[in-house]
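The sequence lines fix the lettering, A, B, ..., with proteins before strands; numbering per chain opens at 1.
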Protein chains: 2
Amino acid sequence: MSEQTMTIREMCDAFDVTPRTLRFYESKELLFPQRDGQKRLFSKRDRARLKLILRGKRFGFSLEEIRQLLDLYHVGDQQHIQLSRSVSVGRERLADMERRQAELSEAIADLKGQLGWGERMLKATPLHGEAAE
Amino acid sequence: MSEQTMTIREMCDAFDVTPRTLRFYESKELLFPQRDGQKRLFSKRDRARLKLILRGKRFGFSLEEIRQLLDLYHVGDQQHIQLSRSVSVGRERLADMERRQAELSEAIADLKGQLGWGERMLKATPLHGEAAE
DNA sequence: CATAAAGTTGACGTTTACGTAAGCTAAACG
DNA sequence: CGTTTAGCTTACGTAAACGTCAACTTTATG
């Protein structure tokens, strides 16, 4: 029944990370690959976790923040997790993300405005790329 | 006519950063405070830039990425900036941010789902905080 | 069986974004 | 005029997140 487990290299290719990264995440208790002798075997669960880790990273969360969130997504992976704590951590992250979303919309609007200005300047000046007054 | 310039401490209080941070940003050419003898004086423009810097940081952009974007917002601050380059850098950042926005919406939806599940589990179990099967 | 391929464990190196401490200067105050 | 107070420069220290390298083991292969 050993199914759907992947070697470290397959993981690296699938997620575009290095072996070092995967071992580092394991050392930080973000992933828990099983062992076949020496070698690591990554399960479907590990892949789900890695996907969340990489997503969290793109949002600028630290690995430690991500680790706490993973406890919410995978309650029971470790025995001693307090669900209520995971939920409250999750609520804080959600609030974070919603704030970010609002700020991001504002920033996007700003940037669009600036770009519009820049593009109009480019069209208006005969010498593309030169500084404008 | 020297108006609206702020000392380093006023800046720190206004933006909740340390003097070290402002000097560091200057050393990286993100800010260009004038000098009154030794002392730095931060203009309205510096404050606008700092605001953008801090915003960019919250989105996880590196200071170098932010510096390039600032060139778009303040074309002409330096003499040698290519507007067309600034615009194209800006377009890339905008694309980044829009991708982030989409992914963020997805992540928020996911997290809400997980939170809903967690909260239902909490209500259903008599012993709050215990792990559920 | 020799060796190449894939994986493993240390352990030290690197970059980013500042923190922190030492020692100097200049204005302001009693 | 001595001394806080605010600011300055220079320089070393630090945490996070890996990169890189050395040395070893295990598995596959001609």
Just wondering, do A:Asp46 and A:Ser43 contact through their side chains at under 4.5 Å, heavy atoms?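 Yes, close enough: below the 4.5 Å cut-off.
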Would B:Met121 end up clustered with A:Val89 when hydrophobic side chains under 4.5 Å apart are linked, directly or stepwise?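 Cluster IDs for B:Met121 and A:Val89 differ.
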Scan nucleotides 8-20 of chain D nucleotide by nucleotide, 5' to 3', and note B when protein non-hydrogen atoms come under 4.0 Å of the base, S if they reach only the sugar-phosphate, - if neither. SB-B-----BBBB
Find the distance [X]:[atom1] to [N]:[atom2] and express it as a whole number of Å.
X       : N     : atom1 : atom2 : answer
B:Met11 : D:dG7 : CE    : P     : 12 Å
A:Gln34 : C:dT8 : CD    : P     : 13 Å
A:Leu22 : C:dT9 : CG    : P     : 12 Å
B:Met6  : D:dG7 : CE    : P     : 11 Å

Under 4.0 Å between a Lys/Arg side-chain N and an Asp/Glu carboxylate O for A:Arg67 and A:Glu29?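 Looking at A:Glu29 together with A:Arg67, the answer is no, because their closest N to O distance does not fall below 4.0 Å.
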Note: B:Glu103-B:Arg100 ion pair, threshold 4.0 Å (strictly below):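 Between B:Arg100 and B:Glu103 there is no salt bridge, as every charged N stays at least 4.0 Å from the carboxylate O atoms.
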side-chain contact (heavy atoms from CB on, under 4.5 Å) partners for [X], two or more places apart:
X       : value
B:Lys51 : B:Phe15
A:Thr7  : A:Arg9, A:Glu10
A:Arg23 : A:Ile8, A:Pro19, A:Arg40
B:Lys28 : B:Phe24, B:Leu30

Can you tell me if B:Thr7 touches the phosphate of D:dA6, counting only side-chain N or O atoms and a distance under 4.0 Å to OP1 or OP2?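 For B:Thr7, the contact criterion (side-chain N or O under 4.0 Å from OP1 or OP2 of D:dA6) is not met.
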Work out how much the helix from C:dC1-D:dG30 to C:dG30-D:dC1 bends between its end axes, five pairs an end, to the nearest 10 degrees.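 The helix from C:dC1-D:dG30 to C:dG30-D:dC1 shows an end-to-end axis angle of 10°.
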